Amino acid sequence: MAAPRMAPPSEMSCRLTFLFAVAAGAAIANLYWAQPLLSFIAGDLRAATATAGWFVTATQVGYAVGVLLLVPLGDVLDRRRFVPVMLLTSAAALLLCALAPSIGVLLLALGVLGVTTISGQVLTPLAGDLAGDARRGRIVGVVGSGTLTGILASRTISGFVAGAAGWRAIFALAAVVAVLLAVLLYRAIPPLAPRARMPYAQLIASVGAVVMRERAARWTLVLAATGFAAFSLFWTALTFLLSGPPFRYPVAVIGSFGLAGLAGVLSGLHGGRLHDRGWSLPATGAAWVLALGAFVVAAFAGRSVVLIIIAIIMIDVALQTQALLNRARLFALSHDARSRLNTALATGNFIGAAIGSAAATMLWSAGGWTAVTITGMALCCFALTVWTLGRRGPLVIRFAVTDRAVTDRSENSLNRAKFARNARSTPESNPP
């Protein structure tokens with residue numbers, strides 16, 4: 001049997017980009033179906049509400065395990081088969097959730113669901129592979145926006161479906177969608193040769209090796225984790241703010257504030273062009289300045305819904321834009337290790353989000369909304385310091401490393417004209 005061919009960049013069509021975005025959004029949504037239904041599920045299964053809080057924990061812990069142990073396989077397996085297999089396994093876990101007769105079975109099913117719902121983390125670097133250098137930022141931005149849409153829309157969809165047909169219906173519906181997407185992706189993804197060949201243990205160990213090899217990766221991961229810490233800090237504390245005086249909003253109203261975060265989706269759709277034009281570092285700095293301004297606005301929003309909405313829009317645009325740029329820049333570092341770099345990115349983001357969420361709870365108890373917003377400002381200042389120190393050195397991506405060649409990829413604006421001249425004579429030297 002002939003070896004799989006390597007798909008040319010032109011195969012990342014608009015239709016395939018849209019399919020990737022939908023699939024990535026549907027996959028990440030699996031982590032959040034149960035979140036607004038905790039009390040509903042606990043009552044139906046005759047479990048304590050405190051026990052229901054483990055639903056989210058089981059899914060998130062499973063997801064962390066899946067990211068660490070399964071996502072790196074994207075560099076050594078045929079992703080045309082790997083992604084559909086993961087989706088079908090997720091569908092089986094979702095069906096088990098829908099049929100779970102007890103709280104124990106549901107917790108087990110949610111843990112398995114978390115482990116297997118990593119399709120989005122495999123599809124994003126795959127999109128970067130298929131897009132080619134000239135369009136990588138734009139394509140990754142669209143797929144990333146699909147992921148954000150899944151996060152934002154999942155809670156609303158879950159509440160609506162559960163209210164109409166019961167909580168089991170949302171898991172059954174998600175299982176059907178996962179099977180459908182598995183079929184569509186198997187038919188749509190072109191056959192791809194693996195990026196690398198190595199034993200599994202060596203593959204997992206190489207995640208850290210890739211990060212240690214690339215200084216720009218380490219600095220970028222610091223910025224990314226800080227961004228997710230600030231994002232989680234804000235949204236966790238916002239729930240406390242809106243549920244208490246003077247607002248005292250019910251859960252349904254609090255959830256609707258997430259719709260303002262769709263502005264971050266729009267920024268992702270267009271922000272990728274900044275990377276493609278060589279403006280990744282300046283745009284990253286601007287995004288952090290906007291995030292700092294968002295926390296300043298939020299500091300005065302303790303009694304103003306209008307200011308809260310403005311702060312939500314600002315912080316989502318800022319932090320989603322910098323997250324997209326971080327991902328696109330990491331993908332420019334290596335042709336052969338994008339899934340492993342994405343594993344490191346997702347792991348760092350998970351740790352940052354966990355720290356931000358925990359800090360929000362402690363800060364709220366210690367000093368309320370004021371303590372939260374001051375800490376958010378401090379995180380933004382830290383990120384701006386890292387960006388300032390790194391934008392002319394450690395954060396500059398100078399080389400894209402492959403097993404076959406080393407291609408110069410400087411983002412320094414002073415060298416952009418030189419690369420443009422080189423590109424006309426040697427197309428493969430184009431910067432990302």
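The structure displayed is predicted, hence computed values, not measured ones.
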Min side-chain heavy-atom separation L221-L330 under 4.5 Å: yes

Lys NZ or Arg CZ of R81 over Y186 ring: under 6.0 Å, within 45°: no

Is the ring pair F295/F234 parallel, tilted or perpendicular, if the boundaries are 30 and 60 degrees? perpendicular

Do T343 and Q121 make a side-chain contact, defined as non-hydrogen atoms from C-beta onward lying under 4.5 Å apart? no

Among side-chain atoms of T124 and R327, is any donor-acceptor pair under 3.5 angstrom? no

Between V386 and W219, is there a side-chain heavy-atom distance shorter than 4.5 Å? yes

Report yes if the side chains of L233 and L363 come closer than 4.5 Å at any heavy-atom pair, otherwise no. yes

Does the side chain of M377 come within less than 4.5 Å of L292's, by heavy atoms? yes

Rounding to 0.5 Å, atoms CG (L113) and CG (L31) come to a distance of 7.0 Å

From T226 atom OG1 to L379 atom CG, the distance as rounded to the nearest 0.5 Å: 6.5 Å

In terms of side-chain geometry, is the basic nitrogen of R338 or D129 positioned less than 4.0 Å from the acidic oxygen of its partner? yes

Tell me whether the rings of F228 and F231 are parallel (<30°), tilted (30 to 60°) or perpendicular (>60°). tilted

